[in-house]
Amino acid sequence: MRKIVIALSVLMALTSCVSKKQYAALEAKNKETQDLLNSCTVKLNACLEEKAGLAATAESYKAHNQDLISTSKDLTVLTTKGAENLEKSLESLKEKDLKISRLQDALTKKDSVTLALVTSLKGAVGINDPDIEINVEKGVVFISIADKLLFKSGSYDVTDKAKGVLAKVAKVVNDKPDFECMVEGHTDSVPYKSNGILLDNWDLSVKRSTSIVRVLTNDLGVNPAKLIAAGRSSYVPLVANDTPDDRARNRRTRIVVMPKIDQFYDMIEKEMKKQAK
């Protein structure tokens, strides 16, 4: 209580010493100072909040930067490995391209070889007839002769016209001592009516084959040891036996010429030289 009395006494003394005008000015100045202090406090708090935000952002950027550095290192490793893998892939592609190129060259040479051999044989046979076909498969030569050039219908007797064709085939065989020939008889699918000697198409195909072999050996001087007689009946047709023309195609004698490899390439080389001139 005593302290309150003393404070009131001091206040009264001050009030009595300061005029109302001065007091008002001091009060206004105090209010202005207080407002300025409040404003600075608000700005300070805002700056502190902004600082905290910037610090958090800086930490985030720092962490992100560290991630980028790590990623960059990983990318460097990946890029190195990728370059190595790419180089290996390119080498592999080069090897494959080389193999493909060699295969293409081989196929081109094979086609040339086949064409040369067929041309050589056709030249040796000396016949350009649609009823005589010459093909080469895997180093084996196939000469297919339609039966209408060799036999009468249903017969296994060789015609005189056929002997002229077979003489040219015999020349090819005789010129190549190491060649062997298999003579195959083929029929169509129409059942053969037994005449008491031949029972079916099997008999007919074999009999026609042996008839050709006898002409080649007895009349044209082919060594019998080089010949094989075979009958295939109707079971290896060229086309379906649906029409007379297709059945006629299937009735044929096929002479399979099997040269030794050195004879084969010798013939090719000679033909290549002819074409080069």
Side-chain angles (χ1 to χ4, degrees), residues 114 117-129 131-188 192 194-238 250-271:
T114 300
L117 186 56
V118 170
T119 302
S120 177
L121 284 170
K122 283 186 176 180
V125 174
I127 294 177
N128 185 15
D129 193 310
D131 293 317
I132 299 177
E133 295 181 0
I134 300 177
N135 298 303
V136 179
E137 296 177 14
K138 297 180 181 179
V140 178
V141 182
F142 300 94
I143 304 173
S144 184
I145 306 173
D147 272 3
K148 65 182 179 181
L149 294 181
L150 302 175
F151 309 100
K152 293 180 180 178
S153 179
S155 171
Y156 55 85
D157 293 326
V158 180
T159 64
D160 292 335
K161 181 181 179 181
K163 291 179 181 179
V165 175
L166 293 175
K168 296 180 183 297
V169 175
K171 183 178 184 304
V172 172
V173 178
N174 288 332
D175 285 346
K176 307 296 178 184
D178 293 325
F179 278 29
E180 289 186 342
C181 295
M182 180 165 62
V183 181
E184 293 180 347
H186 295 260
T187 69
D188 58 27
Y192 181 80
S194 175
N195 58 7
I197 299 175
L198 302 179
L199 300 179
D200 51 23
N201 280 328
W202 278 112
D203 279 354
L204 179 60
S205 65
V206 172
K207 194 66 176 175
R208 284 181 167 177
S209 174
T210 55
S211 295
I212 296 295
V213 166
R214 287 192 182 94
V215 171
L216 291 173
T217 55
N218 296 339
D219 300 339
L220 301 172
V222 176
N223 182 358
K226 297 171 60 177
L227 299 176
I228 304 167
R232 306 299 300 270
S233 187
S234 60
Y235 297 105
V236 191
L238 294 174
N250 289 329
R251 295 191 300 270
R252 67 199 188 280
T253 295
R254 188 171 75 160
I255 300 173
V256 184
V257 183
M258 298 170 284
K260 288 186 177 180
I261 198 68
D262 55 345
Q263 292 277 337
F264 182 79
Y265 282 107
D266 180 58
M267 179 182 287
I268 293 166
E269 185 180 356
K270 288 181 179 178
E271 187 58 33

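All values below were derived from every heavy atom in this structure, side-chain atoms included, with hydrogens, water molecules and symmetry-related copies excluded.
Note that the CG atom of Leu220 and the NZ atom of Lys163 stand 8.5 Å from one another [nearest 0.5 Å]. Here the CG-SG distance, from Leu227 to Cys181, works out to 6.0 Å after rounding to the nearest 0.5 Å. Note that the CD1 atom of Ile145 and the CD1 atom of Ile132 stand 5.5 Å from one another [nearest 0.5 Å].
Inter-residue side-chain proximity for Val173 and Ile255 is flagged as unmet; no heavy-atom pair is nearer than 4.5 Å. The shortest side-chain heavy-atom distance between Leu166 and Val158 falls under the 4.5 Å cut-off. The closest side-chain heavy-atom distance from His186 to Asn250 is not below 4.5 Å.
Minimum heavy-atom separation, Ala170 to Val222: CB-CG2, 3.7 Å. Considering all non-hydrogen atoms of both residues, Ala229 and Thr210 come closest at CB-CG2, 4.0 Å. Phe151 approaches Asp157 most closely through the heavy-atom pair CD2-O, 3.4 Å.
The side-chain hydrogen bond (donor to acceptor under 3.5 Å, both in side chains) test applied to Tyr156 returns no partner, not counting sequence neighbours. Applying the ring pair (Phe, Tyr, Trp, His ring centres under 6.0 Å) criterion to Tyr235, with sequence neighbours excluded, gives Trp202. Remark: Arg252 engages no residue in a salt bridge (Lys or Arg N to Asp or Glu O under 4.0 Å) (not counting sequence neighbours). Residues satisfying the side-chain contact (heavy atoms from CB on, under 4.5 Å) criterion with Lys148, sequence neighbours excluded, are Asp131, Ala146. Val256 meets the side-chain contact (heavy atoms from CB on, under 4.5 Å) test with Val140, Phe142, Met182, Glu184, Arg254, Met258; sequence neighbours excluded. Applying the side-chain contact (heavy atoms from CB on, under 4.5 Å) criterion to Thr187, with sequence neighbours excluded, gives Asn201, Leu204, Ser205, Ser233, Ser234.
Counting only residues at least two apart or on different chains, no side chain to side chain donor-acceptor pair (under 3.5 Å) pair has a member in residues 216-227. Residues in residues 197-214 take part in these salt bridge (charged side-chain N to carboxylate O under 4.0 Å, His left out) pairs, two or more places apart or across chains: Asp147-Arg208. Among residue pairs with one or both ends in residues 204-231, none qualify as ring-ring contact (aromatic ring centres under 6.0 Å, His included); sequence neighbours excluded.
Ser209 places a side-chain N or O within donor-acceptor distance of the main-chain N or O of Ala230, the cut-off being under 3.5 Å.
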